[in-house]
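Presented below is the structure to which this report refers.
Hydrogens, waters and symmetry mates play no part in the numbers below; they use all other heavy atoms, side chains included. In what follows, residues are counted from 1 in the order of the sequence shown.
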Amino acid sequence: MRVLVTGAAGFIGSHVADLLVDEGHEVVALDALLPQAHGDAAPEWTRRHDLVPGDVRDAPLLDRLLPEVDAVCHQAAMVGHGLDPSDAPAYASHNDLGTAVLLAGMYRAGVSRLVLASSMVVYGEGRYVCAGHGTVRPSPRRLEDVAAGRYDPACPRCGEPLSPALVPEDAPLEPRSTYAASKLAQEHLAAAWARQTGGGVWALRYHNVYGPRMPRDTPYAGVASIFRSALAAGRAPRVLEDGRQRRDFVHVSDVARANLLALTAPTPEGLVPVNVCSGEPHTVGELARTLAAAMGGPAPVVAGGARSADVRHVVADPRRAADLLGYTARVSFAEGVAGFATDPLREPAALPA
């Protein structure tokens with residue numbers, strides 16, 4: 001199979017490209033090599049591919065690359081929390097306009113198979129259960145509650161604390177940041193394209209991905225990378241809230257394998273969202289403590305507080321990925337975090353003066 005991989009120089013995209021080649025597939029590797037992510041040079045790990053520097057918003061370039069392609073694996077995106085409203089045009093341009101241009105190019109080239117990198121952020125808060133009212137959408141967290149250290153959301157009907165549950169793919173979607181809104185818009189654009197063309201889309205909703213090549217000390221850094229950078233500098237990891245926020249930390253090698261399975265599975269009808277997770281929930285505080293122990297560093301400091309777009313608990317239901325793609329994670333939390341203590345990370349971009 002010949003696959004166009006967008007964002008092929010990035011954290012996840014590079015692992016997808018490598019695995020596809022390892023499994024005997026042909027990769028057309030495309031990456032915009034944004035200076036804020038890569039500086040002025042492509043990362044060393046792209047050397048095994050004939051990397052095409054270019055932007056998914058470049059329609060003439062896509063018209064040259066897409067003919068003879070069997071499928072597209074769309075990993076390219078501007079990532080990060082997207083908390084500054086002034087960044088909204090950049091997110092919409094890179095993520096949503098970029099996806100729209102790519103989909104139009106696929107239509108012109110007759111390519112009908114897409115694997116889309118989506119994200120758990122489309123859910124907002126996870127799923128919660130009230131002892132008296134069953135599954136409910138939680139009330140928004142109030143600033144005064146967060147300031148007082150009351151982090152868990154309450155039932156909107158009785159005000160009692162809620163218990164977190166696994167989030168299935170049919171859960172209500174409520175993006176809380178500009179980045180999250182742009183990821184949901186990508187899904188909607190791809191779903192519309194599928195209905196109009198008869199194409200098929202696997203929308204892989206990644207949970208908290210970590211592992212080698214993860215960016216560090218940049219706006220692209222995830223929480224695992226932030227904790228590791230602090231420990232490498234001899235500082236205690238700083239954990240927001242009370243550290244009991246539940247997440248699903250999934251190793252990048254498992255995420256790459258989920259992409260391979262989606263690319264080689266039967267083409268779905270329309271857009272089918274799938275959680276890509278480990279199925280092994282842990283708290284953010286547990287991640288910090290485990291990584292600190294692996295690196296022989298200071299114990300984490302629980303700092304309290306929360307950012308405006310933060311959610312309390314998001315833990316994925318892994319059953320659809322297993323049922324439809326035959327995917328289950330192979331890398332355990334203990335094994336993955338121990339390896340992450342020494343994994344090579346992507347150096348911060350050194351921009352020209």
Side-chain angles (χ1 to χ4, degrees), residues 79-88 91 119-167 171-184 205-210 219-231 235-249 277 281-292 298-316:
V79 299
H81 293 291
L83 301 180
D84 185 344
S86 65
D87 290 336
Y91 280 99
S119 172
M120 68 173 206
V121 296
V122 301
Y123 295 120
E125 282 285 357
R127 171 163 286 196
Y128 292 86
V129 176
C130 172
H133 298 102
T135 300
V136 297
R137 292 296 289 170
S139 299
R141 295 200 293 182
R142 300 181 303 173
L143 292 177
E144 55 267 36
D145 286 336
V146 170
R150 295 186 293 269
Y151 300 111
D152 285 305
C155 177
R157 298 175 63 182
C158 65
E160 291 299 311
L162 298 173
S163 299
L166 299 181
V167 183
L173 305 180
E174 190 181 2
R176 298 291 184 92
S177 68
T178 304
Y179 169 63
S182 75
K183 297 305 289 184
L184 182 54
R205 291 175 178 166
Y206 303 155
H207 285 252
N208 288 72
V209 187
Y210 72 99
Y220 294 85
V223 66
S225 176
I226 292 169
F227 289 164
R228 189 180 128 167
S229 290
L231 288 162
R235 301 191 307 271
R238 185 173 178 270
V239 180
L240 296 181
E241 301 186 20
D242 57 3
R244 296 176 183 170
Q245 311 93 297
R246 284 162 52 91
R247 296 289 189 270
D248 188 303
F249 300 99
C277 60
H282 293 272
T283 68
V284 173
E286 190 177 356
L287 171 67
R289 291 191 299 272
T290 304
L291 189 57
V301 172
V302 176
R307 295 167 298 196
S308 60
D310 284 351
V311 297
R312 180 60 172 170
H313 303 295
V314 186
V315 176

Handout entry: Flag if over 12 foreign heavy atoms under 6.0 Å of CZ, R157
Key = no
Exercise for the section: Drop me the distance from T290's OG1 to F227's CZ, to the nearest 0.5 angstrom. Expected result: 11.0 Å
Fill in the blank from the handout: CZ (R247) and OH (Y210) are apart, to the nearest 0.5 Å, by 15.5 Å
Practice task
Go through the steps to decide whether L287 and V223 satisfy the test side chain to side chain contact (heavy atoms under 4.5 Å, CB included), and finish with yes or no.
Solution key: CA-CA 9 Å; L287 171 67; V223 66; 4.0 Å; yes
Problem - Shortest non-hydrogen contact between A154 and G159, atoms and distance - result: CB-O, 3.5 Å
Exercise for the section: Compare every heavy atom of L291 with every heavy atom of A224, then report the nearest pair and how far apart it is. Expected result: O-CD2, 3.8 Å
Handout entry: Any side-chain heavy-atom pair of Y123 and H207 under 4.5 Å
Key = yes
Problem - Interatomic distance, N208 atom CG to H282 atom NE2 [nearest 0.5 angstrom] - result: 12.0 Å
Handout entry: Spacing of L240 atom CG and R238 atom CZ [to the nearest 0.5 Å]
Key = 5.5 Å
Handout entry: Minimum-distance pair of heavy atoms, taken over all atoms of D84 and S86
Key = OD1-OG, 2.8 Å
Practice task
Considering non-hydrogen atoms only, spot the tightest contact between D242 and V302 and give its length.
Solution key: CA-CG1, 3.7 Å
Problem - For D152, the option from Q245, R141, R244, R312 that meets side-chain hydrogen bond (donor to acceptor under 3.5 Å, both in side chains) - result: R312
Problem - S182 side chain vs Y179 backbone, donor-acceptor pair below 3.5 Å - result: yes
Completion exercise
Looking only at heavy atoms, the pair that brings P138 and L162 closest together is CB-CD1, 3.6 Å
Problem - Side-chain heavy atoms of L231 within contact of P237, under 4.5 Å - result: yes
Handout entry: Close side-chain approach of D310 and E241, heavy atoms under 4.5 Å
Key = yes
For a quick test of your reading: what N or O donor-acceptor pairs under 3.5 Å do the side chains of residues 126-137 make, sequence neighbours left out?
from, atom 1, to, atom 2, distance (Å)
Y128, OH, E125, OE1, 2.5
Y128, OH, H313, N, 3.1
R137, NH2, E174, OE1, 2.7

Practice task
Measure across P300 and V239 and return the closest heavy-atom pair with its distance rounded to 0.1 Å.
Solution key: CB-CG2, 3.9 Å
